[in-house]
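Hydrogens, waters and symmetry mates play no part in the numbers below; they use all other heavy atoms, side chains included. Numbering of ligands and ligand atoms starts at 1, following listing order. Model, not experiment: these values are computed from the prediction.
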Amino acid sequence: METDTITAISTPIGEGAIAIVRLSGPKAISITANVFKGKNLGDVASHTIHYGKIIDPETKEVAEEVMVSVMRAPKTFTREDVVEINCHGGMVAVNRVLEIILSQGARLAEPGEFTKRAFLHGRIDLSQAEAVMDLIRAKTDKAMSVALKQMDGRLSALIRRLRQDLLETVAHVEVNIDYPEYDDVEEMSHDMMRTKSKEVYKEVVELLQVAKQGKILREGLATAIIGRPNVGKSSLMNTLVQENKAIVTEVPGTTRDIIEEYVSVRGVPLRLVDTAGIRETEDIVEKIGVERSRQVLKESDLILFVLNYNDVLSEEDEKLFKAIEGLDYIVIINKTDLEQKLDLDRVYELAAEKPIVITSLVKEEGVNELEEAIAKTFFAGDIDTGDLTYVSNVRHIQLLKQAKQALEDAMEGLELGLPLDVVQIDVTRTWELLGEIIGDTASDSLIDQLFSQFCLGK
Ligand SMILES: Nc1nc2c(c(=O)[nH]1)N(C=O)[C@@H](CNc1ccc(C(=O)N[C@@H](CCC(=O)O)C(=O)O)cc1)CN2
Ligand SMILES: Nc1nc2c(ncn2[C@@H]2O[C@H](COP(=O)(O)OP(=O)(O)OP(=O)(O)O)[C@@H](O)[C@H]2O)c(=O)[nH]1
């Protein structure tokens with residue numbers, strides 16, 4: 001059965017200068033040629049662009065004035081024939097072209113289907129495809145550089161090398177199982193398995209060590225600003241936003257509007273989530289109690305707890321300290337331009353080892369110190385996306401954790417002197433888990449699910 005030719009609008013919905021209808025598949029060129037008035041697209045060289053008009057096959061009228069790019073397999077995004085019709089921006093014109101293309105036998109692409117074809121045809125692996133999505137969603141420079149490196153195949157190359165090592169070990173052991181009469185082979189295999197497992201283990205642990213940072217760079221730290229009424233929470237939010245504004249996204253929620261402000265503090269993306277829920281944290285403890293407040297606040301990666309220098313420590317403040325015990329938080333003592341009423345000794349006692357920053361937001365004092373404290377909470381020193389391979393995707397982190405466990409099992413088995421064919425099960429399992437990251441051992445349903453999260457037209 002011939003592969004379908006798929007099509008979609010690959011530019012964002014709404015008005016723009018130009019909008020692109022993309023086609024991929026064996027009939028991409030002939031379908032377009034059927035409705036294109038201009039050069040015969042069947043004859044043009046690959047990777048060339050042509051001016052012409054799209055003709056409505058029913059009315060024979062000109063539907064759009066366009067530029068058409070023709071790219072022939074296999075050197076294309078999907079490794080199939082690809083055509084891109086550049087239309088005038090505006091939804092009516094592009095939709096009309098899309099409908100005409102659909103009427104000629106192309107089918108509407110599913111979300112992520114172009115990228116999925118690139119994956120199925122081996123141009124990119126699964127982790128690279130996921131990085132394409134990350135790149136689109138990147139909110140800060142650092143997040144983008146992590147995604148670009150993953151797209152480049154850096155993580156893939158590392159994973160492939162580890163899998164190759166494991167495979168060789170397993171192959172070695174297989175030989176041993178086939179020829180059990182040679183004692184020294186048994187011992188050699190044992191040693192090799194131990195050495196290799198340890199080596200791979202070390203690299204998996206290293207990947208996981210920076211993964212927390214990778215995830216932060218990719219998703220941003222969900223940050224809550226809490227404190228009693230009037231302590232300066234909004235002022236703090238405004239200060240951080242004005243100084244570090246990255247991108248504002250308004251996500252119209254179904255029940256209520258959530259406004260997310262992304263700020264980049266020394267390269268650390270903070271997602272300041274300003275929801276009704278979090279704004280209410282001022283009296284959240286009163287309303288729902290310490291334990292439940294804690295459950296709510298646990299959703300945040302970072303809590304900025306603001307206190308008033310000009311007011312005594314209240315029972316409410318003490319309760320808030322209880323609610324955030326053990327979470328990542330920074331205490332901000334604000335309004336230091338006013339008279340001291342706050343019992344600082346008590347604050348230091350309650351905050352224990354957590355960073356405390358003194359600010360006067362009206363005077364713009366202490367903001368630098370606060371930014372430094374934020375950066376230091378998650379990254380020792382400056383963030384360097386240079387040489388490290390950051391795993392940032394939750395799915396990859398999950399798989400690496402499982403691989404780490406399987407390797408621990410293997411190493412324990414070796415210590416206990418279990419037979420090699422038993423230990424080998426754990427090593428093979430590690431090999432499979434790592435393969436899932438790049439898609440070599442991923443199931444069809446997982447692949448479908450991952451690509452369906454992509455945007456339409458990508
Ligand atoms: N117009 C347009 N712009 C775009 C894209 C696109 O599909 N169309 N891209 C879509 O994301 C991105 C570019 N990514 C691409 C990645 C690979 C190939 C590609 O054809 N690769 C071939 C060979 C390339 C060559 O060496 O000539 C290959 O790897 O075999 C094309 C685009 C961003 N800009
Ligand atoms: N003197 C002084 N006033 C400040 C400082 N920071 C904020 N304020 C003032 O304190 C008042 C309350 O500040 P907000 O930022 O609205 O405080 P909030 O915690 O968001 O208040 P609620 O929304 O009521 O919970 C405003 O009048 C601010 O101008 C400061 O460092 N010194």
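- Within the listing of ligand 2, atoms 1 (N), 2 (C), 30 (C), 31 (O), 32 (N) sit less than 4.0 angstrom from a heavy atom of D337.
- E203 contributes no side-chain N or O that, together with a main-chain N or O of V200, makes up a donor-acceptor pair within less than 3.5 Å.
- With salt bridges taken as basic N to acidic carboxylate O contacts below 4.0 Å, none links K319 and E316.
- Nearest-heavy-atom check against atom 14 (P) of ligand 2 across S360, S235, G366 picks out S235.
- Ligand 2 lies nowhere less than 4.0 angstrom from a heavy atom belonging to G227.
- Atoms of ligand 2 found under 4.0 Å from any heavy atom of L361, numbered from 1 in the order shown, are 6 (N), 30 (C), 31 (O).
- For a threshold of 3.5 Å applied to N or O pairs, the pair formed by L236 and ligand 2 contains no separation below that value.
- For residues 13-25, the side-chain hydrogen bond (donor to acceptor under 3.5 Å, both in side chains) pairs, not counting sequence neighbours, are S10-R22, S24-T78, S24-E80.
- Of the charged side-chain nitrogens involved, none lies within less than 4.0 Å of a carboxylate oxygen, so that K322 and E318 do not count as a salt-bridged pair.
- Electrostatic pairing of K458 and E113 does not count as a salt bridge here, judged by no charged N lying under 4.0 Å from a carboxylate O.
- Each of the following atoms of ligand 2 lies closer than 4.0 Å to a heavy atom of L338: 1 (N).
- Under the 4.0 Å criterion applied to side-chain N and carboxylate O atoms, K341 and D311 are not assigned as salt-bridge partners.
- You'll find the side chain of L304 stays beyond 4.5 Å of the side chain of Y329, heavy atoms only.
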- Query: How far apart are the C-alpha atoms of E130 and N393, what are their side-chain angles, what is the distance that settles it, and do they pass the side chain to side chain donor-acceptor pair (under 3.5 Å) test?
  - Reply: CA-CA 8 Å; E130 289 171 292; N393 177 309; 3.2 Å; yes

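- Scanning R228, K335, E364 for the heavy atom closest to atom 8 (N) of ligand 2 points to K335.
- Proximity annotation for atom 6 (N) of ligand 2: of I332, N334, T359, N334 comes nearest, heavy atoms only.
- Figure legend: K335 and Y309 shown without cation-pi pairing, the cationic atom not lying both under 6.0 angstrom from the six-membered ring centre and within 45 degrees of its axis.
- Protein residues with a heavy atom closer than 4.0 Å to ligand 1 are R22, P74, K75, T76, F77, E84, R123, K458, listed by chain and number.
- Counting only heavy atoms from C-beta outward, the side chains of D134 and R218 approach each other to under 4.5 Å.
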